[in-house]
> 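Before I ask anything, let me first share the structure, which is written out below as structure tokens.
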Amino acid sequence: MFERLARLPDDAILGLMAAFRADSDPHKVDLGVGVYRDDQGRTPVLEAVRQAEQALLERQTTKTYVGSAGNADFNQAMERLALGEDHPALAAGRVRTIQAPGGCGALRLGAELIRTASPESVVHVSTPTWVNHVPLLSGSGLKLERYPYFDPSTGGVQFEAMLAALERLSARAVVLLHASCHNPTGADLTEGQWRELLALFKQRQLLPFIDIAYQGLGSGVAQDAFGIRLFCAQLPEVAVAASCSKNFGLYRERTGALHVISETPAAADAVLSQLVRTARSIYSMPPDHGAAIVHNVLADNGLRKLWADEVAGMRGRLQGLRQQVMQHLAKACPQRDFGFIATQRGMFSFLGLDAQQVLELRTRHHIYMTDDSRMNIAGLREDNLEYFAHAVARVLKAR
Ligand code: LMR
């Protein structure tokens with residue numbers, strides 16, 4: 001039967017990783033997959049994670065099953081990380097959390113929950129959105145539609161167009177939002193815009209599904225969760241998919257959580273029972289190791305402080321790099337305005353090149369980014385910034 005299957009193209013992001021590894025050019029630059037890199041180009045294990053992992057190895061007495069909802073201590077710690085310690089939804093007993101295999105697993109569980117509750121639901125995603133949102137959400141059978149978001153002429157959010165599109169949605173439509181560090185554009189909503197959206201979500205009775213994959217890497221751990229905290233305090237229902245891949249550097253450990261805020265504690269219990277059943281029917285239980293590490297970090301004051309400092313270090317490097325990238329590009333390509341790179345947040349920005357120019361950067365200059373010219377800022381360093389900026393200038397001049 002398998003001989004009937006067609007060979008599919010490689011994944012748009014993960015395929016680039018393999019192509020980059022296979023490139024033997026000493027000048028090659030990886031701006032593809034969204035992993036943090038330090039100023040030596042490494043993606044290190046965070047020190048807080050290393051210490052928590054060491055403690056785990058010494059203290060762990062069993063590898064027995066944890067259950068489909070995962071590690072209860074981790075789930076509780078993650079709720080407080082997303083919502084803050086004293087959030088009213090927590091006090092009201094309206095929040096339930098299931099540990100998930102990464103942020104992707106959380107997104108898929110959320111989509112499965114929405115489909116179970118309301119099979120006709122449409123999920124509205126930003127234009128553009130992270131490329132893997134589409135298969136993750138539509139794979140559950142939900143229909144996807146788009147709302148305007150990124151304005152390439154300013155590098156910011158087309159907020160009026162976004163509002164106008166969301167105003168036209170019918171009640172109970174699902175809207176996927178990025179909490180911070182929008183992937184792939186780097187263009188985030190301001191606090192004022194979150195407040196305006198809240199009024200609209202209330203009035204139109206929309207269901208927010210918020211993806212938080214970069215908490216701490218944008219403006220701060222609490223600041224990056226501003227929209228989540230606001231929406232969860234004021235709306236009857238919210239779903240939040242959280243990832244520990246970037247802010248804990250746990251990529252391959254597949255560590256994430258889905259938080260669902262329901263109108264009442266009884267509805268919240270029903271939601272969790274559904275999620276547990278879904279997890280059991282797909283992968284039974286999430287992997288424990290990363291979640292146990294995150295719990296150890298967040299539960300220990302010393303490790304938590306060390307982690308917060310390390311996250312602040314990553315954030316500072318990204319913000320500093322953004323200034324440097326903008327300055328190098330301004331010098332190498334004075335005819336073009338790259339000022340938006342310095343005002344955006346997180347790992348990604350669109351460079352604004354077409355697919356042909358991106359291909360030229362890859363084949364001639366060994367600089368790798370996705371075909372839509374999304375670049376991972378963290379892949380740049382003091383010693384390759386000039387090389388990068390000159391390559392971009394040459395590609396632009398070739399037109
Ligand atoms: C990215 O957008 O590059 C990351 O989130 C990694 C991935 O899984 O695509």
Side-chain angles (χ1 to χ4, degrees), residues 8-21 28-38 41-44 100-111 125-139 144 149-150 176-188 209-218 224 240-258 283 286-287 290 311 314-315 318 321-322 341 344-351 353 355 358 361-362 367-380:
L8 295 176
D10 291 339
D11 180 86
I13 295 175
L14 303 184
L16 267 186
M17 278 171 72
F20 180 79
R21 280 189 192 131
K28 66 181 180 176
V29 183
D30 185 3
L31 309 181
V33 68
V35 297
Y36 177 78
R37 293 211 168 75
D38 65 13
R42 296 169 308 202
T43 304
C104 289
L107 284 161
R108 183 54 173 265
L109 282 173
V125 299
S126 60
T127 307
T129 196
W130 178 43
V131 66
N132 207 32
H133 276 148
V134 176
L136 276 173
L137 302 174
S138 63
L144 255 59
Y149 185 81
F150 183 62
L176 187 85
L177 298 165
H178 300 225
S180 60
C181 308
H182 187 272
N183 180 2
T185 68
D188 280 349
F209 189 1
I210 309 181
D211 186 358
I212 179 157
Y214 298 87
Q215 187 174 3
L217 298 188
D224 290 349
V240 178
S243 168
C244 301
S245 293
K246 330 282 172 167
N247 55 358
F248 286 87
L250 281 170
Y251 309 92
R252 66 176 64 171
E253 301 292 357
R254 310 312 301 138
T255 310
L258 177 73
Y283 54 81
V311 172
M314 292 194 268
R315 178 168 71 243
L318 287 170
L321 261 175
R322 285 185 170 280
I341 293 176
Q344 294 171 344
R345 285 285 172 267
M347 283 192 194
F348 306 114
S349 282
F350 270 146
L351 204 44
L353 305 183
V358 168
L361 273 184
R362 200 177 305 157
I367 297 173
Y368 290 72
M369 62 183 69
T370 51
D371 291 347
D372 53 6
S373 85
R374 183 195 80 164
M375 58 171 180
N376 172 14
I377 301 282
L380 291 165

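Start at 1 and go down the list; that is how both ligands and their atoms are numbered.
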> Backbone or side chain, does any N or O of Gly32 fall under 3.5 Å from an N or O of ligand 1?
no
> For Arg362, enumerate each residue passing the side chain to side chain contact (heavy atoms under 4.5 Å, CB included) test, keeping only those at least two apart in sequence or located in another chain.
Leu16, Val358, Leu359, Tyr368, Asp371
> For atom 8 (O) of ligand 1, grab the closest protein heavy atom and report residue, atom and distance to one decimal in Å.
Trp130 CZ2, 3.5 Å
> Against Met375, only a single residue in Thr370, Leu31, Val29 fulfils side-chain contact (heavy atoms from CB on, under 4.5 Å); can you say which?
Leu31
> For ligand 1, note which part of Asn183 has a heavy atom under 4.0 Å away: side chain, backbone, both or neither.
side chain
> I would like to know whether His178 and Thr129 meet side-chain hydrogen bond (donor to acceptor under 3.5 Å, both in side chains); could you show each step before the answer?
CA-CA 9 Å; His178 300 225; Thr129 196; 2.9 Å; yes
> Using heavy atoms and a threshold below 4.0 Å, how should the contact between Arg374 and ligand 1 be classified: side chain, backbone, both, or neither?
side chain
> Look at ligand 1 and say whether Ile13 reaches it with a heavy atom at a distance under 4.0 Å.
yes
> Under 4.0 Å from a heavy atom of Val33: give me the atoms of ligand 1 that qualify, with their elements.
3 (O), 6 (C)
> Evaluate the ring planes of Phe348 and Tyr214, with Trp represented by its six-membered ring, and classify them as parallel (under 30°), tilted (30 to 60°) or perpendicular (over 60°).
perpendicular
> Ligand 1 versus Lys246, non-hydrogen atoms closer than 4.0 Å: side chain, backbone, both, neither?
side chain
> With a cut-off of 4.0 Å, which atoms of ligand 1 are near a heavy atom of Tyr214?
5 (O)
> Could you tell me whether the side chain of Asp188 and the main chain of His182 form a donor-acceptor pair under 3.5 Å?
yes
> So, Arg37 and Asp30, do they make that salt bridge, N to O below 4.0 Å?
yes
> Have a look at ligand 1 and work out which part of Tyr251, if any, has a heavy atom under 4.0 Å from it: side chain, backbone, both or neither.
neither
> With distance as the sole test, does Asn376 use its side chain to make a donor-acceptor pair with the main-chain N or O of Gly32 at under 3.5 Å?
no
